[in-house]
Amino acid sequence: QVQLVESGGGLVQAGGSLRLSCVASGRTFSSYVMGWFRQAPGKEREFVAAISWNGASTYYADSVKGRFTISRDNAKNTVHLQMNSLKPEDTAVYYCAARSTIGLSSSPKDYKYWGQGTQVTVSS
């Protein structure tokens, strides 16, 4: 069992930056693929980024590539999402998720554990 708690969301102007964090409970954090997803009102949950168990591989949605960076610190059971050059269309609730199977995935169905989410609002 893994419990995930996100933090770092907030209100920011377009062009600004935010850094999201997700802290995981449990001793097996380092064995999980970690992902970030987001969901805007009235829209389906969409993939943002994923990172392999050791941080060696990352995968990004085209919409955030070059602006967002995912990273992890297995010693602290933490995964981060650094978001730069934010746009109003980035406004959503951002979720941290954990996948116990090897391989980066952009499908929410492949992730077993989810956090409660943190709101990110980008004003124009």
Can you run down the salt bridge (charged side-chain N to carboxylate O under 4.0 Å, His left out) pairs that involve residues 33-58, sequence neighbours left out, and say none if there aren't any?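 Sorted result for residues 33-58: Arg38-Glu46, Arg38-Asp90.
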Self-check item: Heavy-atom closest contact (Ser124 atom, Ala14 atom, distance)
Solution: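 Closest approach of Ser124 to Ala14: CA-CB, 4.4 Å.
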Answer with yes or no whether the side chains of [Y] and [X] bring together a donor and an acceptor at under 3.5 Å.
X	Y	result
Ser71	His80	no
Asn84	Ser17	yes
Asp110	Ser105	yes

For [X] and [Y], indicate whether the former's side chain and the latter's backbone hold a donor-acceptor pair under 3.5 Å.
X	Y	answer
Thr121	Leu11	no
Asn77	Ala24	yes
Thr91	Val122	yes

Find out whether [X] and [Y] are in side-chain contact, i.e. whether some heavy atom of one side chain is under 4.5 Å from a heavy atom of the other.
X	Y	result
Thr118	Leu20	yes
Val33	Leu104	yes
Tyr59	Phe47	yes
Met34	Arg72	yes
Tyr32	Tyr113	yes
Val120	Met83	yes

Distance, nearest 0.5 Å, that separates [atom1] of [X] from [atom2] of [Y]:
X	Y	atom1	atom2	value
Tyr94	Gln119	OH	CD	9.5 Å
Cys96	Ile70	SG	CD1	8.0 Å
Tyr95	Leu81	OH	CG	15.0 Å
Ile102	Ser31	CD1	OG	9.5 Å
Thr69	Tyr60	OG1	OH	4.5 Å
Tyr111	Leu4	OH	CG	12.0 Å

task = Can you tell me which residue pairs pass the side chain to side chain donor-acceptor pair (under 3.5 Å) test with a partner in residues 4-15, sequence neighbours excluded?
result =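 Non-adjacent pairs meeting side chain to side chain donor-acceptor pair (under 3.5 Å): zero.
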Practice problem: Quick one: do Val48 and Phe68 satisfy side chain to side chain contact (heavy atoms under 4.5 Å, CB included)? Show the steps, please. | Solution: CA-CA 9 Å; Val48 176; Phe68 292 10; 3.7 Å; yes
Point to revise | Step-by-step ring pair (Phe, Tyr, Trp, His ring centres under 6.0 Å) determination, Trp114 to Phe37 | key: CA-CA 10 Å; Trp114 292 84; Phe37 292 78; 5.0 Å; yes
Does a sphere of radius 6.0 Å around CD in Glu89 hold more than 12 heavy atoms from other residues, nucleotides or ligands, not counting ones at 6.0 Å or beyond?
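Yes, the 6.0 Å shell around CD holds more than 12 heavy atoms from other groups.
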